[in-house]
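We number each residue from 1, following the sequence as shown. FYI, side chains are in, hydrogens and waters are out, and symmetry mates aren't considered; it's all heavy atoms of this structure.
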Amino acid sequence: MLAFKYRFHGHGSLRYVYTQGHTVRSHLITLKHSAHPKRQNPRVAIVISKKVIKGAVGRNRVRRRLYELMRHELPNIKPNSDLVLIVFSAEVLSLPSEDLLATVRQLLNEADVYKK
């Protein structure tokens with residue numbers, strides 16, 4: 001479970017990342033990211049539409065898997081990053097953990113949000 005301080009609170013902060021953030025895409029997931037200079041901790045949100053996965057059980061399962069992957073990646077991410085992972089393929093539900101981790105790491109590398 002991702003700690004409260006690493007999550008977004010309210011729709012306004014998500015809206016800012018949607019409008020002002022940069023986008024990196026893979027064939028399964030899109031990563032929107034922006035820098036927030038006053039933040040000390042990175043924030044992460046996972047967005048899955050009902051059109052992608054119909055059942056709440058499936059959406060929550062994907063959300064839990066991605067939050068767990070991000071929890072392990074957080075120590076390596078720049079502290080002022082706002083990250084929104086948008087899932088737009090139902091393949092993520094049945095994807096092996098290693099492949100999902102590789103996809104997320106590739107997106108984070110392309111977005112240049114890792115500490116140097």
Side-chain angles (χ1 to χ4, degrees):
M1 184 87 173
L2 198 63
F4 184 77
K5 66 181 179 179
Y6 297 119
R7 292 179 180 248
F8 279 85
H9 310 294
H11 294 290
S13 52
L14 268 178
R15 192 172 300 125
Y16 177 79
V17 177
Y18 279 140
T19 58
Q20 305 297 323
H22 302 285
T23 304
V24 179
R25 290 184 174 91
S26 75
H27 65 287
L28 301 171
I29 301 171
T30 296
L31 172 67
K32 285 198 168 268
H33 62 95
S34 68
H36 195 286
K38 295 182 181 179
R39 273 234 176 255
Q40 273 102 32
N41 297 316
R43 294 188 297 181
V44 178
I46 310 291
V47 177
I48 307 170
S49 172
K50 286 182 184 178
K51 291 180 180 179
V52 176
I53 300 174
K54 302 285 187 227
V57 173
R59 286 194 308 277
N60 289 336
R61 180 182 203 128
V62 170
R63 206 173 279 122
R64 282 192 306 268
R65 288 179 70 196
L66 286 171
Y67 272 130
E68 184 64 17
L69 291 175
M70 291 305 296
R71 185 175 70 85
H72 290 293
E73 294 295 319
L74 278 177
N76 304 323
I77 293 177
K78 293 177 184 174
N80 61 350
S81 300
D82 285 345
L83 308 170
V84 179
L85 290 164
I86 305 165
V87 177
F88 59 89
S89 175
E91 287 180 45
V92 175
L93 190 57
S94 61
L95 198 66
S97 295
E98 299 83 29
D99 295 343
L100 188 58
L101 179 60
T103 302
V104 169
R105 283 185 175 164
Q106 176 194 1
L107 289 172
L108 293 173
N109 274 330
E110 289 179 25
D112 195 33
V113 294
Y114 278 124
K115 294 178 185 174
K116 296 186 179 175

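When all heavy atoms are compared, the tightest approach of Gly21 to Ser34 is CA-CB, 3.9 Å. Considering every non-hydrogen atom in both Ala111 and Leu31, the closest pair reads CB-CD2, 3.7 Å. Annotation for Pro75 and Lys115: closest pair O-NZ, 3.2 Å, computed over non-hydrogen atoms. The shortest non-hydrogen separation linking Lys78 to Tyr114 is CE-O, 3.4 Å. Looking at every heavy atom in both residues, Ile46 comes nearest to Val44 through CD1-CG1, 4.3 Å. The shortest heavy-atom contact between Phe8 and Ala45 is CD1-CB, 3.5 Å.
Remark: side-chain polar atoms of Ser81 are not paired, donor with acceptor, to backbone N or O of Leu83 under 3.5 angstrom. Remark: the backbone N or O of Lys54 is paired with a side-chain donor or acceptor of Arg59 at under 3.5 angstrom.
How far CZ of Arg43 is from CG of Asn80: 11.0 Å, rounded to the nearest 0.5 Å. With rounding to the nearest 0.5 angstrom, the OG atom of Ser94 is 10.5 Å from the CZ atom of Arg61.
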Table please: side-chain donor-acceptor pairs of residues 64-72 below 3.5 Å, with sequence neighbours left out.
from, atom 1, to, atom 2, distance (Å)
Arg65, NH1, Val92, O, 3.0
Arg65, NH1, Leu93, O, 3.4
Arg65, NH1, Leu95, O, 3.2
Arg65, NH2, Leu95, O, 2.6
Glu68, OE1, Arg71, NE, 3.2
Glu68, OE2, Arg71, NE, 3.4
Glu68, OE2, Arg71, NH2, 2.5
Glu68, OE2, His72, NE2, 3.0

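Open room surrounds CZ on Arg25; 12 or fewer heavy atoms of other groups in view lie less than 6.0 Å from it. Counting heavy atoms of neighbouring residues, nucleotides and ligands inside a 6.0 Å radius, atom NZ of Lys50 does not exceed 12 of them.
By the criterion of side-chain heavy atoms lying less than 4.5 angstrom apart, applied directly or through intervening Ile, Leu, Val, Met, Phe, Trp or Tyr residues, Val87 is grouped together with Leu2 in one hydrophobic cluster. Clustering ILVMFWY residues whenever any of their side-chain heavy atoms sit less than 4.5 angstrom apart, transitively, puts Leu108 in the very cluster that holds Val24. The cluster map of Ile, Leu, Val, Met, Phe, Trp and Tyr, joined by side-chain heavy atoms under 4.5 Å apart, puts Val84 and Val113 in different clusters. Under the 4.5 Å side-chain heavy-atom criterion for Ile, Leu, Val, Met, Phe, Trp and Tyr, Tyr6 and Val104 are members of the same hydrophobic cluster. No single ILVMFWY cluster, assembled from side-chain heavy atoms under 4.5 Å apart, contains both Phe88 and Leu28.
For the side-chain hydrogen bond (donor to acceptor under 3.5 Å, both in side chains) test, residues two or more places apart in sequence or in another chain that qualify with Thr23 are Lys32.
The only member of Ile86, Ile48, Val62, Leu107 that meets side chain to side chain contact (heavy atoms under 4.5 Å, CB included) when paired with Ile29 is Leu107.
Using cut-offs of 30° and 60° on the angle between ring planes, the pair His22 and His33 is tilted.
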